Every structure is written in C-alpha cells, then in structure tokens.
Number of protein chains: 4
Amino acid sequence: MKDNSKEEFTTRQHRGAKRRAKTRADLLAAARKVFAKKGYHDTSILDITEAADVGVGTFYLHFRDKDEAFNTLIDEVFHILEEQVIAEVRSHEAITLSVTVQSIFRHAYAQRDLFSIALASGAQVSRTIRVEDTIARGLIRVFEQASRPADLQDYDIPLLACLVTGVIAQGIIWWFDQDEPGPDEMAEKVLALLAHGLPASLFTLT
Amino acid sequence: MKDNSKEEFTTRQHRGAKRRAKTRADLLAAARKVFAKKGYHDTSILDITEAADVGVGTFYLHFRDKDEAFNTLIDEVFHILEEQVIAEVRSHEAITLSVTVQSIFRHAYAQRDLFSIALASGAQVSRTIRVEDTIARGLIRVFEQASRPADLQDYDIPLLACLVTGVIAQGIIWWFDQDEPGPDEMAEKVLALLAHGLPASLFTLT
Amino acid sequence: MKDNSKEEFTTRQHRGAKRRAKTRADLLAAARKVFAKKGYHDTSILDITEAADVGVGTFYLHFRDKDEAFNTLIDEVFHILEEQVIAEVRSHEAITLSVTVQSIFRHAYAQRDLFSIALASGAQVSRTIRVEDTIARGLIRVFEQASRPADLQDYDIPLLACLVTGVIAQGIIWWFDQDEPGPDEMAEKVLALLAHGLPASLFTLT
Amino acid sequence: MKDNSKEEFTTRQHRGAKRRAKTRADLLAAARKVFAKKGYHDTSILDITEAADVGVGTFYLHFRDKDEAFNTLIDEVFHILEEQVIAEVRSHEAITLSVTVQSIFRHAYAQRDLFSIALASGAQVSRTIRVEDTIARGLIRVFEQASRPADLQDYDIPLLACLVTGVIAQGIIWWFDQDEPGPDEMAEKVLALLAHGLPASLFTLT
DNA sequence: TATGAATGAGGTTTCATTCAT
DNA sequence: GATGAATGAAACCTCATTCAT
C-alpha cells in the first residue's frame, strides 16, 4: 500500500511534468513558425500562444518574455548545430574546413527557417548567443587544429573566422530568397572561393 | 509694383522652401543619431522629433512613417556610396576589385554609424533597398567589366557578388564591435583572402 | 473485526481531519506573515501558498478567496481580543475604562503585526468586522455598565465609543511607525487625555 | 505684422495650454468621483478616463500612473485645507484649538468624498502626504503657539497631536457612515471630550 | 485531500497618427 | 508649414480561479 501510494505519487508527478514539457514544446514549435513567418518584432505573444493553441498566460509559465523564448529557440538549434558539426567532423580522420563548411551548410539547410530568423534578427535582439558567434567559434576551432599551423601564421584568426562566417551567413540568406542550389553545391562554391580565391585579373590593371 | 510683389512672392516661396528643407534635414540628422543610438525598433517618432527639436506632427509633413524616414536615410547614404565608389574607380585606368573594395571600406568607415544600423536592421525593415544589395550591385558591375571575362566563366556571378558582400558586411560589423583595424588594413585583409584563398592544408587530409 | 475496521476508519478520519487542520493553520500563519510584510493588496494567493509551502489549489480547499482568508485571520484575532479583554476585565471587581483600555493596548501590542494590517487596510477590504467596530463594541459595553449611568446621560454613547476608538487606533498606528513607548505607558497617556482632557488655556482666548 | 504674428503665436500657445489644463481638470474631477465610489484599488485608469470622457492615453499625458493622480488629488485638497484653516484661524485674535477643530471639521464636511477616500486608503497607497499628518501638523502648530505653554509641559506634543487626529479622523469616518450630525455639532462634541474628558466614575472602582 | 499547469479576463502602458489651432 | 494635445488600437503581463490527476 505504501509502495502503491508512492507509485501513484511518482506517476502523478510524472504526468504533470510530461504535460508541462508538451506545452513548452508546443510553444517553442509555434514560436518558431510564427517568428519565421512574421519576423521577431512583428510577432506578439498572442500570435505565439494562438499558434500553439494555449492561453496567453501559459506563455509566461514557460518563458519570462518574448526574448527568452527566442533565445531558447536559437540556443537549442545552435547547440544542436555545434554538436552535430563536431560529431560529423570527428567521424573523419582529420578536421578539415571542407567537412566543417559542408556540415554547417547541411545543417543550416535543414533548419532554414530558424537560421533565417536568427540571421535576420541581426543585432536587434538582446541575445546571449549570436548565430555568427557560434559559427565563428567552430571555425576558430578548425583553424587552431590545422594540420600545419605554420600556414596560418600570417592570419588574424578571429577576424578570418568572422569573414568566413560572413560568407556562410550570406549563403544562407541567399537561400532564403532564391531557394537554390542545394547545400552541397553551396558548400562547394563557398569552398572553391575560399580555397583559390578569385582570378588575379580582377585585382590588377591590365 | 506687380514685379515687385512677384519678386517678394518668389522670395517668400524660396524662404519657405529653404525653411522646409532645413526642417527635413534636421529630422534626418536627428533620425540618424537616434537610430544609431537606440536601433531601429527602439526608436520612436517622438525620439526623432525631440532630437530634431520640432513638433511631433512636423515629422508627418516630411515622411509617411518611420520606415520612410529610415529608407530615405539609407538610400541617401548608399546613393552617395555608389556615386563615390564609381567616381573613385573611374579615376583609375581600369576597374579592379582592389580599388572597389578599398573604396567601399573607406566609405563605410566614414559612415560607420549608418552602416551598422543598416546592417543590424537586417531584414527587419520592410525596405526596398538593402545595404547588401547596393554593395552586391557594385560588385556585379565590377565582375561584368572584368578585363578578361573568360576568367569568370565558371562562376555564378550574382552568387559570387553576394558571398563577397558577406565578407565585406562582416568586416563592417567587426568594426562596430572591435574598433580596429583601419579601413585600408581591413580592405587589404579581405582582398588577400579573396585573391589567394586560404592555405590548402586546411581543406585536405594530411 | 468490524469494530477494528471501524476504529481504523475513525482513526483515519481523525488523521485526515488533523492533517486538514494543520494545512489550514499553515495557510493562516503564512497569510499573516505575508500580509504583514506586503500589505493586503500586494499579497497574492501564490504568495500565501508559497509561504505555507502548499499547492495553489490547496488554498481554495480552505478559503473561498483572499478576502475570506483575511477576514478569518482578523476575526480570529479580534475574537481572542474580545474574550481576553472581557476575561481580564471580569477579574477585576468592576468594569472600568482604565482596565479596558490597558487590556486593549496590551493585546494590540502583542499582536502588532495583525493590528497594523487591519488598521492599514482601512475600509479597503469588504470586511464584515472592522477592528474599530470590535473595539467600539467593547467600549460601548463599558459605558453601558458604568457604575453611575447618570454621568453619561449627556453623551451620545456610540459616537463617544467611536471617538475613543479613534484615539486607540491612532495609538496603535503610532507604534507601527515609532516603536515606542510600551503598551502601559501608551494606555496611561490615552487615559490621561480621556480622563482630564486638555488644558483649558488651549480652548479660549486669553 | 510682426506684432500680429507674435500675438497669434501667444494666443495659439495659450489655447493649447488652456485645453490641456481643462483636460487635466476633467481627469482630476473624474478621478475624485470614481475613487470616492469604488475606492482606490478598485478604480482602474479606464474607469477614470471614461468618467472624464477622454481617451485612455490622455491619462498618461497628465499623470505617470494612478498613484500620481491620487496624490495630486489628495495634495491639492489638503493644501487647500491647510491654507484655509490657517486663514480662518488667523482671522481670530488668538489661535485656539476650538477654532482649529471647528475649521477642520467644516472643511472636511465640505470635501467629504475626498476625505473618506484619503482616510480609507490608509497606508495602502505610497503617498507622500498622509491626511493624518496634515492634520497632526496643524495641531502641533496650535499646541506650540499655546497662550500658556507651561500648561503643556507634561505632554508629549507629537503624540498628543496624533491622538487628537485620531478623534478627528474617526469623526469624519463616522459621517461617511451615518450622515449626521453636522460639522459644528461634531466639532462641539469632540471639543467637549477634549476639554473635559470623560466622567471620573468610568475610570475608578466604586 | 492536495496539487500545480493551464486559463483568460482585465489591468497597465506605449506610440503612431490625426487634427484643430 | 509647424505644433502638440488627444486618441485608441494593440501590446504586455498578472493573478484569481479551475480542474485533471
């Protein structure tokens, strides 16, 4: 009997927690959809709760404000991005920029909606984690673990990471408008640019 | 007498026009200052009119809404950018990417406040003209007028322009945070990256 | 066996009742603490249930709303006040105002927190029993049982009770701010004022 | 022409100011009415603006929040009370408690609605000026300027003022419930109590 | 009986926009 | 053309209350 009541108790606790988690997930999914459609600033709490089919107040049971929901969303995805890219890169013998960039583009493609929101929100939202920083951080790691560090002696690594991030971010924005090419072609083009640069004839007078 | 009054009239007209133009300029200058300080979304019309020391209603005599004022501001600056870059490039014998990028960075540096607003606002503002587009357009022109067009045969020119724009935009954002290096070093680093790419050892397995 | 189960049943019932009473007491104690700290209006049900360490819903198993909890609290204390003052007064040979006022001040001093809430809440709470009424009622009883009723012939007794209550209430509020003097000095000062009034020179022209 | 335009200008300014003042007065009058009817806490901004027949936003053009409006109201009335009582007292040859108390009761009677709100709000509202303090301050002044100061040597003047205030406040609350007697009778009864105290037989055992 | 997640009415507050002067 | 008081839609957020577990 004692055991029984205990079991009931934990079950009860568990049910509550499960329901709570479900609602939270619904809210995040709804937020993602609405943010993608209307952008951060034109999205109201009501928009989100209606999309999630919950009461307004429920939102505040899970997030302090719009900012927190947004950050949670972004953090979650970029945490996954980071982990996934790291995993994918590890599965190869050595860390190469090629694999990293490919991995980023693939992941970004799969999560286009969130990436475009995150990039579009730019410096607008008081966010703890910026997309660009996540990407740049990953790139820095690649640079630091380069097989021949001497090759990078003359480069300012953080700046380099930032510039390369610019190319990647722009690629993702490009997708948001154009809906082509696929992630692998995109990665390929970016990598081609990064590997060989542009034709010398563009830089010098005839 | 008729002439006299006519003259007076035109003078008065002229005065009115000058006064109007002055108010408008005040508003734009104020908008620029406030946007730079508080960002697009946190700036209210009242913020602008107070900074310009005019009545709220006056704003609406010159602009339909905040968006229009913002776009006017951006357009103006980018129009100047475009003209200036074109002029500077023309003063050289041939259009080269080096000169173009240098010119862009110099101009951007001189107008850092507006550039950072424009870049930070990202896709937030329902704007017809995006900074990135202005830059990309300029780059496309450079690519099209390349001295040896055959060199670019294998490139997707618009995408290329977009990616290069990403590098430039990121460079400007870098400034907004770091306040170093100067425009010419920045252009140099970007050009180095664009000209030679990164060391091959980053791309391949050992 | 029947008896046994019955016994068990009643025991269980009893346990339940005791548990229930405990919860209720916890809630009242918590309410008292929170009301004293934050005031009636700034106290939410959640504040109370958290302080009592019970679920929100539990509150509603014991009280209809905040008002009822508040009234219960107040009623309880004033019921005790009434009983105690009556008992103390009875222990003397005759009812005198001195003993009554002293008794009230002593009791109020012992329960300062609740008295200050009750007085501060003023007419804010839709309450059936006002502190002032409880005191006034006690005073009326004293007046009615006066040893020489003729002495009070010219007085409007309810109004008199009300005015004297005003003095007492103000004395308690004074404590809340000043934290001095003790209950007996306070009673003494009030009684001195009530017994002899103020110097005649204050009322007339020289 | 210059004069003309100047005149026009000041007139225009003046009109605006007049309109503004009118609206503000409307809001205060409405607030007074609603506060008196529903009490401080049950009054919403909307209640006030609807009663004043202005838009919601207009309220915030004149007051920061409900508190400020309330305080303005109270301050205004008590400022008038103070001035009026002072004036009335001055018109007599010497300051006496009789005149002061009479004056307070008369004024309170004329402004019953506000007094009852102010007294009922008790310590609820974060107010800079409490009614009781205003009255007590006035009484202290009377005591200090007593014709024969020696008579008050044995009294704690601030406490005394506070206690007397209690009597007056209670008198006003009495009116709010009972609607009788008039101000002068009320003052008379209070003064009688204050002058002679209660019959000695109430205090001692037979 | 106790719980606490969910609800949504209702309050506060802001601000783009209008319009009489 | 310039002004700024007034407007009210629309956002935010809280909290008393319910109800399934």
Side-chain angles (χ1 to χ4, degrees), chain A residues 8-9 11-24 27 41-47 49 52-66, chain B residues 15-17 19-24 43-50 53-67, chain C residues 15-17 19-20 22-24 43-50 53-67, chain D residues 8-9 11-24 41-47 49 53-62 64-66:
Chain A
E8 248 181 27
F9 183 66
T11 307
R12 208 180 288 163
Q13 284 234 124
H14 189 234
R15 286 241 178 85
K18 244 176 60 182
R19 181 169 188 208
R20 190 181 157 86
K22 207 308 199 153
T23 305
R24 189 188 149 96
L27 278 166
H41 277 287
D42 289 345
T43 295
S44 71
I45 307 290
L46 197 73
D47 287 334
T49 54
D53 200 35
V54 299
V56 228
T58 307
F59 180 89
Y60 293 92
L61 243 45
H62 293 274
F63 308 101
R64 193 157 22 81
D65 50 23
K66 195 167 61 161
Chain B
R15 284 230 185 93
R19 185 161 154 62
R20 186 180 155 84
K22 166 71 163 66
T23 304
R24 188 188 151 96
T43 295
S44 71
I45 306 288
L46 196 74
D47 287 332
I48 298 172
T49 54
E50 269 176 356
D53 200 35
V54 301
V56 231
T58 308
F59 181 89
Y60 292 90
L61 296 176
H62 293 276
F63 307 100
R64 191 155 25 79
D65 51 22
K66 192 166 63 161
D67 238 70
Chain C
R15 284 229 184 93
R19 187 161 153 62
R20 186 180 155 84
K22 167 72 163 63
T23 305
R24 187 188 151 95
T43 296
S44 71
I45 306 288
L46 196 74
D47 287 333
I48 297 172
T49 54
E50 270 176 356
D53 200 35
V54 300
V56 230
T58 307
F59 181 90
Y60 292 91
L61 296 176
H62 294 275
F63 308 100
R64 193 158 20 82
D65 51 22
K66 192 167 65 163
D67 238 72
Chain D
E8 247 179 30
F9 183 67
T11 307
R12 208 179 290 162
Q13 286 234 121
H14 189 234
R15 284 241 177 86
K18 244 174 63 182
R19 182 170 185 206
R20 191 182 156 84
K22 211 280 199 176
T23 305
R24 189 187 149 95
H41 277 287
D42 290 344
T43 296
S44 73
I45 306 291
L46 197 73
D47 287 334
T49 54
D53 200 36
V54 300
V56 227
T58 307
F59 180 90
Y60 293 91
L61 244 48
H62 294 273
R64 193 160 19 82
D65 50 23
K66 195 167 62 163

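Letters A, B, ... mirror the listed sequences (proteins, then strands); counts begin at 1. Values in this document were obtained by computation on a predicted structure and should not be read as measured data.
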Ignoring backbone atoms, test whether C:T23 places a side-chain nitrogen or oxygen under 4.0 Å from the OP1 or OP2 oxygen of E:dA2. yes
For B:T58, which residues count as a side-chain contact (heavy atoms from CB on, under 4.5 Å) partner, sequence neighbours excluded? B:T23, B:V54, B:H62
Rounded off to whole Å, could you give me the CZ-to-P distance for the A:F59 and F:dC12 pair? 9 Å
Given 3.5 Å as the limit, does a donor-acceptor pair link the side chain of B:K66 with the main chain of B:T43, or not? yes
Take atom NZ of A:K22 and atom P of F:dA20, then tell me their distance rounded to the nearest Å. 17 Å
Rounding to 10°, can you tell me the angle the first-five-pair axis of the helix from E:dA2-F:dT21 to E:dT21-F:dA2 makes with its last-five-pair axis? 10°
Is D:R19 near enough to F:dA5 that one of its side-chain N or O atoms lies under 4.0 angstrom from OP1 or OP2? no
Under the side-chain contact (heavy atoms from CB on, under 4.5 Å) rule, collect the residues that match up with B:D65, sequence neighbours excluded. B:D67, B:E68
I need the CG-C1' distance between C:D67 and F:dT17, as an integer number of Å. 15 Å
Does any non-hydrogen side-chain atom of A:L46 lie less than 4.5 Å from one of A:F59? no
Between B:D53 and A:D47, who's closer to the 5' end of DNA chain F by nearest nucleotide? B:D53
Enumerate the protein-to-nucleotides 14-16 of chain E contacts in which both atoms are nitrogen or oxygen and the separation is below 3.5 Å.
residue : atom : partner : partner atom : Å
E:dA16  : OP2  : B:I45   : N            : 2.9

Ignoring backbone atoms, establish whether C:H62 has a side-chain N or O less than 4.0 Å from OP1 or OP2 of E:dT1. no
Using the side-chain contact (heavy atoms from CB on, under 4.5 Å) criterion, which residues pair with B:L61? Sequence neighbours excluded. none
Just jot down the salt bridge (Lys or Arg N to Asp or Glu O under 4.0 Å) partners of A:K18, sequence neighbours excluded, or say none. none
